[in-house]
2 protein chains.
Amino acid sequence: MVDLATAAGVSLATVSRVLNGQPGASEATAARIWRAVDQLHYEVNHIAKSLRMGATHTVGVLVHDLANPFYPDFIKGVESAAHRAGLSVIVCSGAADESDSTSVMQRQLQMLISRRVDGLVMYGRLLSLAQVRRLLRSHIGVVVVEPPKRTPRGVRAVDIDFREGMEQVVDHLSSLGHRRIALIRQRWHEEWVARSRYRDFQDALAEHGLPYRKKWVGWVDDVNDTALGRAAMRRLLKRAGEFTAVVCHNDMMAIGAMQAAHDAGLRVPEDLSVVGIDDIFASSVVEPPLTTLALPRMEMGEVALNALREESETVRRAVVRPNLVVRGSTGPAGAA
Amino acid sequence: MVDLATAAGVSLATVSRVLNGQPGASEATAARIWRAVDQLHYEVNHIAKSLRMGATHTVGVLVHDLANPFYPDFIKGVESAAHRAGLSVIVCSGAADESDSTSVMQRQLQMLISRRVDGLVMYGRLLSLAQVRRLLRSHIGVVVVEPPKRTPRGVRAVDIDFREGMEQVVDHLSSLGHRRIALIRQRWHEEWVARSRYRDFQDALAEHGLPYRKKWVGWVDDVNDTALGRAAMRRLLKRAGEFTAVVCHNDMMAIGAMQAAHDAGLRVPEDLSVVGIDDIFASSVVEPPLTTLALPRMEMGEVALNALREESETVRRAVVRPNLVVRGSTGPAGAA
DNA sequence: CTGAAAGCGCTTACAG
DNA sequence: CTGAAAGCGCTTACAG
């Protein structure tokens, strides 16, 4: 910038004012400065600016595992909204290396703090209460999607309206004549979220006068590997015939469930209807294509980023609505 | 840091030296400082450090579209290697918003320069020659994966050894008795890369004494939408029976091709063998599972990042090897 | 073994 | 309308 000032024959203060579009500089001076900018290929030093201003215009995004087909769209949403607002995004993935995930998060956190990000968007319960408090104490805003039960006050949340989503799912199945619906659910899931999708599922069943049976529940320890969904479904199929449809924690589990049904010689949807949650790409190309409760991932990212920027104290909590995509994996009950 | 100095009763200079593990401070002084670090939850201000040191220890990654299932793994590889090296990563996706992609890239570029990243990793030809030169002029290292024909000197490259990869593909098909192999290729692809995978495919065919026929080539304008692969295959199937296998630009196209074959009442692999390139997740769950030339995406990211750090002038070019994954979409020729 | 001082590239009252 | 000066939080010769 000192080169600029020299070239334009003015002081640093004036250059700074013109570059930032502040009033009070003659046309002529401004023109000389802009000409110098072009000639010297000047690009402001954002580092110096950040130090001086005490704001980096940078936000961090923290997700469990970038490779999970769920997150890229979410991050895209965050990025898109961020760019619109002139912010940069540092993406941090927990499982970036395979070692102890807690210590990875710890390091990511320190990195983010020392880089003085203005805010942090994260998906789910990735940090401890103490860690979140530390961020808040450092005046770093925090918004979390699908927030855990306990969050320090000051944290903003983006919720998915599974109440209405599960309503759509059960409504769809019910209208196809399904009365006995199984569930593949993740063990300990309620440890992670404030309100679980399963509870909403049960509520929706109840509202339709349909039963929720423990014996029709398949449990999985992890929901990011189709093999586990397949195994859970295989166990559940000992009771094949007792139920006519199964709702799965997510699409990965649903794809696994379809494989298990196929292994057992059952046809989807004639013998069994299968519903997933997420709508990842693979769900549209499996056979049959999966009926699934689509989560608006991009939108979730945008909403999360905007919640971070929001000044008002009113936006403590934003809500996003899922949307049922009906494809080939669901059909009339007892069509076989 | 001034708080630290006060708390420990020493000068800033001493604090700095101890924090950075430099020699020449008494045990006792160091201990006092570290105690203060703990008490005050001190975290170094990386912004100030960057300004002073003239290095940000940050690298940018530029990809065409984050949502493309290809890139997340690549980015993960970059991140993983970066963290190991104590670097942060700013991820930039071209298609983050839908507007004119050139101007998006232009803005991303300015952002990266003004943030003074130490280096940039990008996939493919995302920037113009002039833009790349500008980076180099700003002393920002550049490495590009699948580099275009023309790159300014100083740019490092990561190549995929499609020569050997296509060798594996053709070898596999040939050993199954296929002699007439079709191809689905992207129009203008050679405008983007220094050496195209198609050329390697043709070489591999020639080496096996197999013909390359223009009439067995299906063209697509874009390779990230299965619908286009499906349409290309549909056109190609006017000549069904003339060829017994098809190799596709990538898995997206291959999945589309399988759909088209299915539409036409052909069975895969009995009537037609299909091979993709990439090995995205969906390829493992389509029916039949896709035989594909897997690209080591994570490794590519790691190699790219490391190439950036490499001091020596020798590593102008790194090479990564693909690996054929045989699944259900290929079978003996004429098995029908 | 330790400290005072300069400087990285900016912005912003404060004067003029 | 414009400039001189201080300061953001660090590091690093240079003295002692």
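Every value quoted in this text rests on a predicted model; they were computed, and no experiment measured them. Proteins get letters first, then strands, A, B, ... in listed order; numbering begins at 1 in each.
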Expressed as a whole number of angstroms, how long is the span from [X]:[atom1] to [N]:[atom2]?
{"X": "B/Ile33", "N": "C/dC1", "atom1": "CD1", "atom2": "P", "value": "13 Å"}
{"X": "A/His46", "N": "C/dC8", "atom1": "NE2", "atom2": "C1'", "value": "17 Å"}
{"X": "B/Glu43", "N": "D/dC10", "atom1": "CD", "atom2": "P", "value": "11 Å"}
{"X": "B/Arg115", "N": "C/dC10", "atom1": "CZ", "atom2": "P", "value": "14 Å"}
{"X": "A/Arg116", "N": "D/dC10", "atom1": "CZ", "atom2": "C1'", "value": "11 Å"}
{"X": "A/Asp3", "N": "C/dC8", "atom1": "CG", "atom2": "P", "value": "12 Å"}

Problem set entry | Rounded distance [0.5 Å steps], CG in B/Leu109 versus CE in B/Met105 | 9.5 Å

Problem set entry | Passing option when A/Leu112 is tested against A/Thr58, A/Ile90, A/Val59 for side chain to side chain contact (heavy atoms under 4.5 Å, CB included) | A/Ile90

Exercise. With respect to the phosphate group of C/dC10, does any side-chain polar atom (N or O) of A/Tyr42 fall under 4.0 Å of OP1 or OP2?
Worked result: yes

For this session: Please state whether the phosphate of C/dC8, meaning OP1 or OP2, lies under 4.0 angstrom from any side-chain nitrogen or oxygen of B/Ser50.
Result: no

Seminar exercise, completed: Output field dot_bracket for DNA chain D (Watson-Crick or G-U, both distances under 3.5 Å, | for other-strand pairs) contains |||.||||||||.|||

Are the side chains of [X] and [Y] in touch, meaning some heavy atoms are under 4.5 Å apart?
{"X": "B/Ser138", "Y": "A/Glu43", "value": "no"}
{"X": "B/Gln131", "Y": "B/Gln106", "value": "yes"}
{"X": "A/Glu299", "Y": "A/Arg321", "value": "no"}
{"X": "A/Leu305", "Y": "A/Val61", "value": "no"}

For this session: Using only heavy-atom distances, determine whether the side chains of A/Ser50 and A/Arg116 contain a donor-acceptor pair under 3.5 Å.
Result: no

Exercise. Between C/dG9, C/dG3, C/dC1, which nucleotide has the shortest distance from any of its atoms to the side chain of B/Ser11?
Worked result: C/dG3

Exercise. Out of D/dT2, C/dG3, D/dG9, which nucleotide sits closest to the side chain of A/Leu51?
Worked result: D/dG9

Donor-acceptor contacts, no H, no angles, side chain residues 141-153 of chain B, under 3.5 Å, sequence neighbours left out:
from	atom 1	to	atom 2	distance (Å)
B/Glu146	OE2	B/Tyr123	OH	2.8
B/Glu146	OE2	B/Arg197	NH2	3.4
B/Lys149	NZ	B/Glu190	O	2.8

Problem set entry | A/Asp278 with A/Arg297: basic N within carboxylate O range, under 4.0 Å | no

Seminar exercise, completed: Sorted by position of nearest nucleotide on DNA chain C, 5' first, the leading residue of B/Ala48 and B/Gly9 is B/Gly9

Exercise. What is the per-nucleotide protein-contact pattern of nucleotides 11-16 of chain D, from the 5' end, where B denotes a base atom under 4.0 Å from a protein heavy atom, S denotes such proximity for sugar-phosphate atoms only, and - denotes neither?
Worked result: BBB---

For this session: Would you classify B/Val2 as touching base, sugar-phosphate or nothing, given that sugar-phosphate means primed atoms plus P, OP1 and OP2, and contacts are heavy atoms under 4.0 Å?
Result: nothing

